[in-house]
Amino acid sequence: MIGSFLRSAGTAVVSQCRRSSLLPPPPALLAAATRSYAKAKTPKTTLNRGKIKIMGPRKGGGADIPGESFSPEDASTSFELPTDPLPFTYDPALDVGPGGRPLFSVTQSLAPLTRKQSNTYVDFSLEEWNAILPEGIPAGMTKEFEETRRCAVMVRQSFLDLRDNFRRISNPPLRPSNKNLNVKKQIVLDGPVSCGKSITLALLVHWARSEGWLVLYVPKGKEWTHGGFYYRNPNNDFWDTPVQAAKILQDFLKFNEARLQQLPCQIFDPVPLGEGAGVGMMKGVDSMEMPEGSTLYDLIQTGIAYTHASVGVLVRLRKEISLVKDIPVLFAVDQARRALQLDKAVTVRSTRPIHAKELSTVNAFRSMLHDDMMVGAFSHSTAVGKLRQELPDVPIDARVMLPRYNLDEAATVCHYYLRQNLIHRDRFTEDKWKRIYYISNGNGSEMRWLAPFI
Amino acid sequence: MSYISGARSVPDSQVRIASTKMDGIGHKKAIQVRSRLGISGNIKMNELTKSQIDQMEQMSCQDHVVHWELKRGERADIERFISLSRYRGIRHQDGSPLRGQRTHTNARTCRKQANSEMKVKEGER
């Protein structure tokens, strides 16, 4: 019952974003306004939304065809996004995947997707993505959107397995089964380069937020260890990063503000103060008490308002979130286990690098030996070398290797690129897309780069 | 535009680059000063507070020879060579190269610098 209430609250937020992102349609079209692509056979008056002014496609494949010229008007006509109602130039007959299966799954959220909808694309607008992920969209996803000129993401079986794993944890079935024994609360996503770790994590966060969960999403873990000021905490052996802590609190508040106003604080110890960003220690005061009846929202606002308290509040928030039992809580950290780039002065003329575990903020969220749901995604683009076999403070079975595209997924991807005119329709054959797949070994970004060369 | 120990610093420049504009502070010393103050590499000058800039100046002057002290030391060394009538002192006086370079040709830079110094001194008179 609680799950259905949370789901309705979550989808209400998502649908509000959808409504706010669309202009109100004329009254005559309200009855027919539907996202059913198969029904759009007659031309209708269209709104100007969904048109994108873009540059032409990459010239990898177009140079050989004689007499073919590209104009910006062709691009804007070809790449109109489907809207409600559909623009008359959009041809839903082209939304065909391999074997004649539909290429897109029409859905409001990722919750109702099943195995039958794996290897299909879900299409949300950029406003919806930014609304559900206000902390930021992963770089790989942004690149995919820019290159394909459409904000669609493929739903893979690996994501569905991950989603079902957490769904079984939050909503355990009445009858025990073998699947329940293999549920994992803490997961580290690992895999080869460009296999979809960040996108899978973003989709998981999308699903969790639409289900009404409280999610702390960190799209760029490297920002925790990069930049800003760092000071030695006099009370312990850790280093404080007040600027980063304030930013993390602000990001957490972006999507979860309404929910945090309803959650009361459960720890009443005073919050320790540290050195502020560029302002030194506070004189005569070394801790700050939260008034009785404070909510998590008040706690976070205190951390944002007072730079001396930002690190203490963030560490306290980690403990407070663990005590939240009313709603499911998920920690999602991308670019986890990233190398640090700060130096500590040993003497006047020598320095040594500071380890990530010596930072208060990282230390609070680093350990996975707890009972909370946590997913960390390793990033090859921000780390040096591979992930170690034995990770400290991580359960032994937490590592999940995400595979690269298999043949079926690669077929769907190539048909999607064909749909988005990255591949010329005249020269698209099964042999050619398979060649791309085998050359790139299933690497998603390489396939996207090679697609125009068909 | 602000000044740190007599060196002009552009507000948009990063601290690790702006601090090298000080005489006597190079890349390595800039890293040492930054790490002692807890400033990471991508912070810009306009993000620093006045107290941090003062701390940076104080730390640079305390632990390293910078700015006018460095110049004074260099000048003192040259005058010592001159007063002792060492070969290097005579070469400084003549405005000729003193590190074993050839003078039959080239040596223009050294002579140009010596001439410009002489003109400055005449102008002061």
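Chain identifiers are assigned alphabetically (A, B, ...) following the order of the sequence lines, protein sequences preceding nucleic acid strands; residue numbering begins at 1 within each chain.
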Contacting moiety of B:Ile43, where chain A heavy atoms sit under 4.5 Å
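For B:Ile43, the side chain is the part near chain A, not the backbone.
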By a 4.5 Å heavy-atom criterion (distance strictly below it), what part of B:Lys29 contacts chain A: side chain, backbone, both, or neither?
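The side chain, not the backbone.
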Going by the rule side-chain contact (heavy atoms from CB on, under 4.5 Å), which residues pair with B:Cys110 if we only count those two or more places apart in sequence or in a different chain?
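B:Cys110 satisfies side-chain contact (heavy atoms from CB on, under 4.5 Å) with B:Pro97 only.
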Suppose we screen for side-chain contact (heavy atoms from CB on, under 4.5 Å). Which residues come up paired with A:Glu135, at least two apart in sequence or across chains?
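Testing A:Glu135 for side-chain contact (heavy atoms from CB on, under 4.5 Å), a comparison that skips the adjacent residues, returns A:Arg209, A:Tyr217, A:Pro219, A:Asp251.
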Top contributor to chain A interface from B:Gln55, B:Met59, B:Gln52, B:Lys50 [non-hydrogen pairs under 4.5 Å]:
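Among B:Gln55, B:Met59, B:Gln52, B:Lys50, the one with the most close pairs to chain A is B:Gln52.
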To the nearest 0.5 Å, how far apart are CD in A:Gln244 and OG in B:Ser40?
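A:Gln244 atom CD to B:Ser40 atom OG measures 7.0 Å (nearest 0.5 Å).
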Atom [atom1] of [X] with >12 non-hydrogen neighbours under 6.0 angstrom:
| X | atom1 | result |
| --- | --- | --- |
| A:Lys254 | NZ | yes |
| B:Arg88 | CZ | no |
| A:Phe145 | CZ | yes |

Counting only N and O atoms by type, is there a donor-acceptor contact under 3.5 Å from the side chain of B:Ser51 to the main-chain atoms of A:Gly278?
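The answer is yes, because a donor-acceptor pair under 3.5 Å joins these two groups.
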Side chain, backbone, both or neither: which part of A:Phe229 has an atom under 4.5 Å from a heavy atom of chain B?
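Contact with chain B: backbone and side chain both.
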